[in-house]
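Everything numeric in this text was worked out from a predicted model, so none of it was measured. Because only heavy atoms are used, hydrogens play no part in the values below, and waters and symmetry mates are left out as well, while side chains stay in. In what follows, chains carry the letters A, B, and so on, assigned in the order in which the sequence lines appear, proteins first and then strands, with residues in each chain numbered from 1.
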Protein chains: 2
Amino acid sequence: MEKKSDPENTFIEKFGLYFESYTLYPRIAGRIFGYLLICNPPHKSAKQIAVQLRIAKSSVSSMMRLLMQSRLVEQVSIPGERPRYYRIREGGWGEMFLRRLQGLSAVRELLSEGLELLKGKDPMLRERIEELDGLYEFFENEIPSISRRWEIRKKKVIE
Amino acid sequence: MEKKSDPENTFIEKFGLYFESYTLYPRIAGRIFGYLLICNPPHKSAKQIAVQLRIAKSSVSSMMRLLMQSRLVEQVSIPGERPRYYRIREGGWGEMFLRRLQGLSAVRELLSEGLELLKGKDPMLRERIEELDGLYEFFENEIPSISRRWEIRKKKVIE
DNA sequence: CTGAAAGTTCAGTAAGTACTGAACTTACAC
DNA sequence: GTGTAAGTTCAGTACTTACTGAACTTTCAG
């Protein structure tokens, strides 16, 4: 009988909670990702994951789809072995991170609708929204140089 | 009888949904914030908000507490008038935005627990986590210069 | 081919949270 | 001071989403 609160499980549970609040994916997806971060070997089958985390294989199935779609996880096939294995996809998290940063300024479209509503009224009334919009405009402009520096830094690490 | 889908309400509802998914506050808090972004005059009492948005005054009360705590909204008092009024607090959103960026790298602590678990094992196994940690380390280092540029840009707008 | 394991789908339930309404406390205009 | 409106609290309900289990389809080792 396996303990439920060994360091591995503690890490997995914490990561699940983190994942839930930062990525808006279900906790269970985060547990799986957390497990794939620390398991040995680094690839596991759906069955192994279900058994290890004590979750339904249907949950594993749908979470795997989710993690594959978001390109955080990839499949590995092993010759002569029937099940497919899953492992963390290199660079996947970084790509998602950047995608999220880029997505942040999507709110500007909504804000312009707000400005539209105040058209013709006292310009002072528009300042509330313009301040907010200015922030996202600024941030939008920051992204390209951030990603450029990130690419450079990645290369340096490889060398 | 007031229409439910005039442009104001559409904006408020959209903003509520946006708020919910990006700030992790309840949708109703976003509706209130959205209303305070477009209302005229820009300050409203709890009662006015409750009536306008057709929500319980208890909800307004607790959401106001939330919005005040996060410093997105501030109170205004008007002499000879009993109710307190609320309005968008200048700079509040930007401060929250920065706080969130700064908070992002909190995950590094968790990641170091993960590395701990792989101590003594094949160094290759650690790469999954180190890559992730490297991303947050990079981003952490970016924040100061981003906030510096944001401060500069804010000053320029005032001039 | 074929049986058995791998993998998917989906209806139903559990769990968590947002929101309300009613009962209450507080504050101030008179 | 006092009555009334402002404002708070909280138990309960409604709503949403996560997760499961069972029934199903697919895949492949033998």
Atom-pair distance (CE on M63(A); P on dT20(D)), nearest Å
10 Å
Nearest-Å distance, CD (E81(A)) to P (dG7(C))?
11 Å
Counting C-beta onward and ignoring hydrogens, is there a side-chain heavy-atom pair between R153(A) and E137(B) closer than 4.5 Å?
yes
Among the nucleotides dT9(C), dC19(C), dT9(D), whichever has the atom closest to the side chain of R65(A) is dT9(C)
Taken to the nearest whole Å, CD1/I32(B) to C1'/dA18(C) is 12 Å
5' precedence on DNA chain C between R82(A) and L24(B) (nearest-nucleotide basis):
R82(A)
Among dC10(D), dC19(D), dA4(C), find the nucleotide with the atom closest to the side chain of P26(A).
dC19(D)
Atom pair distance, as rounded to whole Å: OH in Y85(B) and P in dG7(D):
9 Å
For a quick check, tell me whether the side chain of S61(A) and the base of dG7(C) share a donor-acceptor pair closer than 3.5 Å.
no
Tell me which of G80(A) and Y25(A) sits closer to the 5' end of DNA chain D, going by the nucleotide each one is nearest to.
Y25(A)
What is the distance, to the nearest angstrom, from the CD atom on E20(B) to the C1' atom on dT17(C)?
10 Å
Whole angstroms only, please: what is the CD-P distance between Q48(B) and dA5(D)?
16 Å
It should be established whether S59(A) places a side-chain nitrogen or oxygen under 4.0 Å from OP1 or OP2 of nucleotide dT20(D).
yes
L53(A) CG to dC19(D) P, in whole Å, measures 11 Å
Please work out if K47(A) contacts a base, only the sugar-phosphate, or nothing of the nucleic acid, heavy-atom cut-off 4.0 Å.
sugar-phosphate
Would you check if the distance from the ring center of F33(B) to the ring center of W93(B) is below 6.0 Å?
yes
What is the distance, to the nearest angstrom, from the CE atom on M68(A) to the P atom on dG7(C)?
12 Å
Lys/Arg N to Asp/Glu carboxylate O, E140(A) vs R108(A), below 4.0 Å:
yes
In terms of heavy-atom contacts, does CD of E151(B) have more than 12 from other residues, nucleotides or ligands at under 6.0 Å?
yes
Please confirm whether the ring centroid of F15(B) lies under 6.0 Å from the ring centroid of Y35(B).
no
Quick one: which of dG7(C), dA22(D), dG7(D) gets closest to the side chain of K57(A)?
dG7(C)
Let me know, please, whether S62(B) or I28(A) comes out on the 5' side of the other along DNA chain D by nearest nucleotide.
S62(B)
Look at R27(B) and dT17(C) and indicate whether a side-chain polar atom (N or O) is within less than 4.0 Å of OP1 or OP2.
no
